[in-house]
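Just so it is clear, the structure is predicted and the values come from calculations on it, not from any experiment.
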Amino acid sequence: MKKNSSSPIKFAKSHEWVLITKNQALIGISDHAQNLLGDVVFVDLPPIGKELNKGDIIGNIESVKTVSDIFSPISGKVSEVNGNLTNEPELVNSDPYEKGWLVKIEIDDANSAELSGLMGQDDYKKYANESS
Amino acid sequence: MSNNLKTAIYDDHIKLGAKMVNFHNWQMPLYYNSIIKEHLNVRQHLGLFDVSHMGKFLVTGKEGEDFLYWLTSNNIKKLAPNKAQYTLLLNEQGTILDDLTILRIEPNRFILIVNAANLATDLAHIQKQADKYQVKLENISDNFSLIALQGKQSLDLLQKFVDDDLSKMPYYSVITAKSKFNTLTISRLGYTGEDGFEIMVENQQASLIWRELLTEGEKYAIAPVGLAARDTLRLEMGYLLYGQDIDITNNPFSANLRWVTKMDKEDFLGKESLSKNDSFAKKLVGLICLDKGIPRTNYNVYDSIGKDIIGKVTSGNISPILNKGIALAYINVDLAKLGDEVKLDLRGKLVNAKIVRPPFLQIDKPLLRKLS
């Protein structure tokens, strides 16, 4: 994600990432998370229009090993889901930050309260290393 | 017991970068790289498994056959030397203590391969039953490793290491073969549905044969395979896993194991209870998902209109070959009709599934067909 107009990528403790561009937030799971899950075989995503509060369950990701909830790192309304994951859930493994994105949500305002608790790339890297 | 038991091949797993997991006190490889790739590699090419955690007992003595006739549910008297048999240990109530494979090495020399989880209880149970017979029971689990080679080209690869003509071995046969890894007990069977062999080898030779099979197997695209893919492979075949699909609460009939419970035998442990009461409320069936989603252990099964709970999943996952959710489940026996639809509760979402008779896929074994 190297879009100039975007804010830097942020990570939640539950291993989702969010990238905010104006009033849109793109959400996925981190490389560390996909690595822990192993082969992703099914991704269950919410209907378009669903209102989400920060911390709500967006959907879940199933690997051969396990099923994990995905939590929304930010509040907003689902405007788009990654339809390619229906037939190619493995994109979450092979390209977690680009083709393996999960949902796009419309946000009212990326205010500081919404972004609190999220980590920058360096802090997240440290956090992920410690928690694994 | 230590929760940190290591097989003789442990160091090789670490070198291969395996993700290790504690499995009934054993440090075992869960996967090396990708569970799906390992699964597909076994179906398309060849896979190598370390299953040394399995318990291995040696039963010898002149009453060996009589003893196993009493001890196990299948009929050992129908098992010729150099053959293997799948069978059950039942208790007096007729419920299942373990499922196992017996290798008849000689007329009165048998190797019992039991589940690692049940090793201690099996040993105590068998020892107690053996008191009345002239037999010797030895736990040889700590002396021998067990390696499974599974896949279409198993024969070609293993043949490079032994002189005996392995192509003459029918399915479920056993030989004792000389090799540069000392004596190997080779049985033609497995837990994947593919053609393949299980090789019992002295611990001192285990790492060596493991490495040579991997090196020599490169030209057949061999891959080491962990317990996770072993589980998805066996599930595609509908093979049961003790502790999940069967346990001490099941009688063999509810688990479709009538074929290894020979009620026409004069007597065996558990028969009396089973002949008095062979009824059961729930029956094991296969379920295949008609919608997207993956069933897992303990998920509820509902009737076709999604109203009443009629059963529970004991094993479930995705079938990497069918790319569909598959499961083994116990459901109310009067509703266990092949072809009927039910609903699976996948974490609050009801999806449609169909009752089928496992295996979930057919494996063609042309080499073995030729022999039978």
Pick one of side chain, backbone, both or neither for [X], based on which atoms fall under 4.5 Å of a heavy atom in chain A.
X: B:Lys19; answer: neither
X: B:Ile294; answer: both
X: B:Thr232; answer: side chain

Checklist entry - Between atom CD1 of B:Ile36 and atom OG of A:Ser63, what is the distance when rounded to the nearest 0.5 Å? => result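 Going from CD1 on B:Ile36 over to OG on A:Ser63, the span is 9.0 Å.
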
Checklist entry - Above 12 or not: heavy atoms from other molecules or residues under 6.0 Å from NZ of B:Lys324? => result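 Counting neighbours around NZ of B:Lys324, 12 or fewer heavy atoms of other residues, nucleotides or ligands fall under 6.0 Å, so no.
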
Checklist entry - Counting only heavy atoms not in B:Glu341, do more than 12 sit closer than 6.0 Å to its CD atom? => result yes

Next on the checklist: For A:Asn60, which atoms come within 4.5 Å of any heavy atom of chain B: side chain, backbone, both, or neither?
Outcome noted: side chain

Next on the checklist: Taking side chain to side chain contact (heavy atoms under 4.5 Å, CB included) as the criterion, tell me which of B:Asn317, B:Ile318, B:Asn323 meets it with A:Val41.
Outcome noted: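 Exactly one candidate clears the test, B:Ile318.
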
Next on the checklist: So if I apply the side chain to side chain contact (heavy atoms under 4.5 Å, CB included) rule between A:Lys65 and each of B:Asp231, B:Val21, B:Ile35, which one comes out positive?
Outcome noted: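 The option that passes is B:Ile35.
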
Item to check | Student check: side-chain heavy atoms of A:Thr86 and B:Lys292 closer than 4.5 Å | outcome: yes

Item to check | Lys/Arg N to Asp/Glu carboxylate O, A:Asp44 vs B:Arg347, below 4.0 Å | outcome: no

